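See structure below.
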Number of protein chains: 2
Amino acid sequence: MARWEPNARERLQAAAFELFEERGYDGTTVGDIAARGGLTERTFFRYFTDKREVLFSGSEELEKLIVSAIASAPETMPPLDVVVAALAASSPAFEARRAIARKRQALIAAHAELRERELIKALKIAATLVTCLRERGVPQATATLLGQTGTALFQNAFERWIEDPKKRDLAHHMHAALAELRRLTAETGKATRGVKDARSGAAKSPRR
Amino acid sequence: MARWEPNARERLQAAAFELFEERGYDGTTVGDIAARGGLTERTFFRYFTDKREVLFSGSEELEKLIVSAIASAPETMPPLDVVVAALAASSPAFEARRAIARKRQALIAAHAELRERELIKALKIAATLVTCLRERGVPQATATLLGQTGTALFQNAFERWIEDPKKRDLAHHMHAALAELRRLTAETGKATRGVKDARSGAAKSPRR
DNA sequence: CTCCTGATGTCAGAACGTGACATGACGTGC
DNA sequence: GCACGTCATGTCACGTTCTGACATCAGGAG
């Protein structure tokens, strides 16, 4: 018999999910989570750098999935399509978890701290995309833009997926988003510089 | 004579900037900042909800600028151009502050907490863009995508602006980014579905 | 059998953030 | 010109998050 129950990490995640549903995110303490997992607060922080982090363990796996999908894309495919296809490749992994994803997303939407964390995970994935693209020979500046555009498309598709009454899969929504982007960029290009000097309004010298 | 020195808020911001440069972000305490501003820690938290927030006061002003720029865009302009033009309209406000912006950006880049906050500010601006577009009659889904694409372009342009040795303005980089996006989306559209089934690799059922 | 390793616990403490209440200059109305 | 309310600030007390240092102790290696 092992000295400790196995799967401490998973136990903590499960406990956290339960408690967040029962008492809300703010209403539950790291100590509470640890206790329900049969562990100590200190131990929680050895597994997760953060109270928030306990909700975001999946993003590494998503990343791996994306990397391998990019690797298997044909050399000749246009880079934006590579990005879209790679992100769409995670689709099957999500299908099984629509219900969980919904709850989790509701939690995140309700807490600014959690939204912040989610955004930085997206950024991390964008950075990974950029690295992969660079290795395929895409120039830096282009790769950066592609990474950002790709995650924008993904987030957009994810939102639509999660509330899609027809339950079409994530890949479907990715391709729909791409099609729309294509439409938007196609109709542009003529009057691009129209408003350029419209710094009319109030607000002198914002700090930003 | 007033009972208290005026401009408490500005004093706190200035103190924070100084101290962050002197001792780094982690090395300075909210108490330190307040003390240098001649105030109390408690008072700091009345002006800023957060230690981080003291670095991000400019984003509201940026937002106002953008809103008024959108308002003055011609009705007939394609929506993506409206977005780009609106974001580019903040350009003059930034020109005066390239040096400060650099320092600030270095600080943010070095601290995940700060990057998180920056990202959520960008999201806020994206949401504002969406609202403005909706008021112009752009359908919801399209507006969402435009907001995301727009902020992606902005962030991209901002990065390039801040390190541009030729010191071209932010508007220039915005338009360059748009041009590149247009190029990327133009060359797409043929082999879009190539990788779609490439969920080959490892990693079964990521949580995310 | 002994020693080492690694997961966990215990303890103390700093920093963040908040609620409740106190203070006291200033302006307003009477 | 006096009483009163307001508002920015201070004071205090407290809960939570997160960290460093050190203790414990089962099980495996030698």
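So that the names make sense, note that chain A is the first sequence line, chain B the second, and so on, each numbered from 1. Values in this document were obtained by computation on a predicted structure and should not be read as measured data.
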[Y] side chain reached by [X] side chain, heavy atoms, under 4.5 Å:
| X | Y | answer |
| --- | --- | --- |
| B/S57 | B/R9 | yes |
| B/R117 | B/E113 | no |
| B/T185 | A/L184 | no |

Measure [atom1]/[X] against [atom2]/[N] and give the value in whole Å, please.
| X | N | atom1 | atom2 | value |
| --- | --- | --- | --- | --- |
| B/R52 | D/dT17 | CZ | C1' | 12 Å |
| B/D26 | C/dA14 | CG | P | 17 Å |
| A/H111 | D/dT16 | NE2 | C1' | 16 Å |
| B/R11 | D/dA8 | CZ | C1' | 11 Å |
| B/R9 | D/dT9 | CZ | C1' | 16 Å |
| A/K51 | D/dT19 | NZ | P | 15 Å |
| B/F44 | D/dA8 | CZ | C1' | 17 Å |
| B/D32 | C/dA15 | CG | C1' | 11 Å |

Over all strands shown, is [X] touching base, sugar-phosphate only, or nothing at heavy-atom distances under 4.0 angstrom?
| X | value |
| --- | --- |
| A/T29 | sugar-phosphate |
| B/Y47 | sugar-phosphate |
| B/G27 | nothing |

Do [X] and [Y] sit within salt-bridge range, that is, some charged N less than 4.0 Å from a carboxylate O?
| X | Y | answer |
| --- | --- | --- |
| B/E180 | B/R160 | yes |
| B/E53 | B/K121 | yes |
| B/E116 | A/R52 | yes |

Detail all sub-3.5 Å separations between protein N/O atoms and N/O atoms belonging to nucleotides 18-21 of chain C.
residue, atom, partner, partner atom, Å
C/dG19, N7, B/R42, NH2, 2.9
C/dG19, O6, B/R42, NE, 2.8

inquiry  = Is it the case that the ring center of B/F158 lies less than 6.0 angstrom away from the ring center of B/F94?
reply    = yes
inquiry  = Side chain of B/L39 only, heavy atoms from C-beta on: which candidate in C/dC16, D/dT17, D/dG10 is closest?
reply    =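 Of the candidates, D/dG10 comes closest.
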query = Does B/T43 make a side-chain N or O approach to OP1 or OP2 of D/dG10 shorter than 4.0 Å?
reply = yes
